[in-house]
Number of protein chains: 2
Amino acid sequence: MGKRKAAEPDISIAKCGYRLLLEIIGSKWAVLAIYAMEGGDVRYGEFLRRIEGISKKMLTQTLWQLERDGLLERDIHDTVPPGVEYRLTPLGRSLLVPLRHMKSWAIDHYPLVRKARDAFDQRADLVAGGETEGQS
Amino acid sequence: MGKRKAAEPDISIAKCGYRLLLEIIGSKWAVLAIYAMEGGDVRYGEFLRRIEGISKKMLTQTLWQLERDGLLERDIHDTVPPGVEYRLTPLGRSLLVPLRHMKSWAIDHYPLVRKARDAFDQRADLVAGGETEGQS
DNA sequence: CGGTATCCGCTTGGATACTG
DNA sequence: CAGTATCCAAGCGGATACCG
């Protein structure tokens with residue numbers, strides 16, 4: 001008795017691996033920025049064009065965080081006009097491995113998720129429609 | 001010429017696998033809620049106690065989204081007092097596999113990240129200290 | 001080109017109180 | 001116990017303008 005409690009994942013703030021993970025790539029754009037660099041060096045403006053919906057502010061912030069955590073490095077060429085290339089460090093590249101598993105899961109299972117979501121919404125609609133049914 | 005462009009990851013909104021992924025588990029608490037159910041059924045209040053920092057509002061919202069996407073199911077016992085158990089569906093469980101790879105990565109590499117971060121911050125401090133150096 | 005700085009709206013999300 | 005509802009503050013994040 002009370003024995004089964006021992007198997008419960010520890011989720012408390014400092015210990016849990018997922019807390020660490022989220023601290024590193026939990027921000028909205030981090031994964032997409034990393035992904036953008038999978039194929040090689042990327043310039044600032046290139047990120048901006050390829051990551052649809054991101055703003056300069058968010059991009060700068062995201063790149064700064066990733067650099068701070070040692071996942072990417074900046075390569076500044078002092079040419080005119082100035083050019084800066086971002087690239088994944090070995091540490092950053094190592095993250096691509098589990099990340100690709102996640103991506104595969106998403107692609108493989110998204111149809112099922114969509115199906116569940118549509119069914120759920122349909123049921124919700126029925127309920128919403130039903131509660132004023134006498135109204136016609 | 002222009003050939004290397006072909007290898008670049010497509011990040012645009014509808015297509016990219018990471019967009020799908022983030023749509024499903026991109027919210028702040030989703031991963032932790034899923035993780036909480038790894039060991040079996042979890043009650044509402046149990047989530048609240050085990051996921052440090054989450055509020056009722058966010059918990060309810062997170063659980064609702066995960067249920068909508070078919071990752072978890074609710075089991076309502078109409079006893080007094082009422083009891084509701086949440087558990088991962090097979091779809092939800094399938095997500096645990098890549099998720100565990102991510103967790104392992106985080107645990108294995110967090111020390112390196114910390115090291116990079118500390119070094120980065122130290123450099124930033126030096127710069128901040130240096131720029132007013134003539135002031136004493 | 002590759003950012004930084006400022007302004008500011010508006011969503012996110014916490015606290016509290018209430019219900020079945 | 002398991003939520004829902006309301007209120008409200010903070011900060012996320014977009015738009016714009018400017019700089020090296």
Atom-pair distance ([atom1] on [X]; [atom2] on [N]), nearest Å:
| X | N | atom1 | atom2 | answer |
| --- | --- | --- | --- | --- |
| Lys57(B) | dA10(D) | NZ | P | 16 Å |
| His77(A) | dG3(C) | NE2 | C1' | 16 Å |
| Leu59(A) | dA15(D) | CG | C1' | 16 Å |
| Gln61(A) | dG2(C) | CD | C1' | 17 Å |
| Trp64(A) | dA5(C) | CH2 | P | 13 Å |
| Arg43(B) | dA2(D) | CZ | P | 4 Å |
| Glu85(A) | dG2(C) | CD | P | 9 Å |
| Met58(A) | dA5(C) | CE | C1' | 14 Å |

Q | Lys/Arg N to Asp/Glu carboxylate O, Arg87(A) vs Glu73(A), below 4.0 Å | A |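 Salt bridge present between Arg87(A) and Glu73(A).
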
Query - Residues Arg117(B), Glu67(A): salt bridge by 4.0 Å N-O rule - result: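 Not counted as a salt bridge, because no side-chain N and carboxylate O are separated by less than 4.0 Å.
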
Among the candidates dC1(C), dA2(D), dC1(D), find the nucleotide nearest to the side-chain atoms of Tyr44(B).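 Among dC1(C), dA2(D), dC1(D), the one nearest the side chain of Tyr44(B) is dA2(D).
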
- request: Verify the contact: side-chain N or O of Tyr86(A) to OP1 or OP2 of dG3(C), cut-off strictly under 4.0 Å; return yes or no.
  value: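 Result: yes.
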
- Query: Taking only side-chain nitrogens and oxygens of Arg74(B), does any of them come within less than 4.0 Å of OP1 or OP2 of dA2(D)?
  - Reply: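 So the side-chain polar atoms of Arg74(B) never come under 4.0 Å of the phosphate oxygens OP1 or OP2 of dA2(D).
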
For Tyr86(B) and Tyr44(B), take the angle between the two ring planes, folded into 0 to 90°, and tell me which bin it lands in: parallel under 30, tilted 30 to 60, perpendicular over 60.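 Tilted: the ring planes of Tyr86(B) and Tyr44(B) meet at 30° to 60°.
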
- For the residue pair Trp64(B) and Phe120(A), is the inter-centroid distance of their aromatic rings smaller than 6.0 Å?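 Yes, close enough.
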
Starting at the 5' end of DNA chain D, which residue's closest nucleotide do you reach first, Lys56(A) or Gly83(B)?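 Here Gly83(B) is the residue nearer the 5' end.
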
